[in-house]
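Here's the structure we're looking at; comments come further down.
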Amino acid sequence: MPVVFLPSSSWAFITPDSVVVDLGAGNGLQGLLLQCLSPHRKTLQVELSSEMIRIGRLFQEALGISADRVEWIHDDIVNASIEAADIVYLYARHGPLQWP
């Protein structure tokens with residue numbers, strides 16, 4: 001699948017003051033790329049797996065995103081506080097829940 005980079009004007013709904021929350025962030029790449037494409041105040045990455053958070057922090061470092069722009073929250077999404085969020089991202093898995 002080709003990767004398409006949209007001009008920053010396409011991300012007008014994300015402002016420099018926005019707080020974006022990624023629930024079930026996994027390695028956090030989607031939230032990190034949003035931070036690169038449209039820099040904003042904070043990305044909150046909520047993830048239950050400490051291994052995924054470890055990998056996400058490596059991606060964050062490789063992308064050169066400062067620590068004050070991303071907060072990694074090691075918790076279940078049902079416990080996440082999203083009141084401060086302007087945008088909430090939740091990846092919906094497509095396909096069957098169990099493979100045959």
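Note that the structure is a prediction, hence the values are computed from the model and not measured. By convention here, the first residue in the shown sequence is residue 1.
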If hydrophobic clusters are built from ILVMFWY residues whose side chains come within less than 4.5 Å, do [X] and [Y] share one?
{"X": "Val20", "Y": "Phe13", "result": "yes"}
{"X": "Leu34", "Y": "Leu90", "result": "no"}
{"X": "Met52", "Y": "Leu58", "result": "no"}

Nearest heavy-atom pair of [X] and [Y]: which atoms, and what distance?
{"X": "His40", "Y": "Thr15", "answer": "CB-O, 3.3 Å"}
{"X": "Cys36", "Y": "Ile65", "answer": "SG-CD1, 3.7 Å"}
{"X": "Ile14", "Y": "Ser38", "answer": "O-OG, 3.3 Å"}

Could you measure the distance from the [atom1] atom of [X] to the [atom2] atom of [Y]? Nearest 0.5 Å is fine.
{"X": "Thr43", "Y": "Gln35", "atom1": "OG1", "atom2": "CD", "answer": "4.0 Å"}
{"X": "Leu23", "Y": "Asp75", "atom1": "CG", "atom2": "CG", "answer": "11.0 Å"}
{"X": "Ile87", "Y": "Leu44", "atom1": "CD1", "atom2": "CG", "answer": "12.0 Å"}
{"X": "Lys42", "Y": "Ser18", "atom1": "NZ", "atom2": "OG", "answer": "14.0 Å"}
{"X": "Tyr91", "Y": "Gln30", "atom1": "OH", "atom2": "CD", "answer": "8.5 Å"}

Is atom CD of Glu51 surrounded by more than 12 heavy atoms (other residues, nucleotides or ligands) closer than 6.0 Å?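 Yes, enclosed.
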Taking everything shown except Ile82 itself, do over 12 heavy atoms lie less than 6.0 Å from its CD1?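 Atom CD1 in Ile82 is not crowded, with 12 or fewer foreign heavy atoms closer than 6.0 Å.
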Side-chain donor-acceptor pair present, Glu83, Ser81, cut-off under 3.5 Å: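 On atom types as modelled, these side chains qualify, holding a pair under 3.5 Å.
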Partner set under side chain to side chain contact (heavy atoms under 4.5 Å, CB included) for Phe59, not counting sequence neighbours: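 Phe59 satisfies side chain to side chain contact (heavy atoms under 4.5 Å, CB included) with Asn27, Leu29, Leu32, Ile55 once adjacent residues are dropped.
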Could you give me the CA-CA distance, side-chain angles and deciding distance for Ile53 and Gln45, then say whether side-chain contact (heavy atoms from CB on, under 4.5 Å) is met? CA-CA 8 Å; Ile53 291 174; Gln45 307 272 36; over 6 Å; no
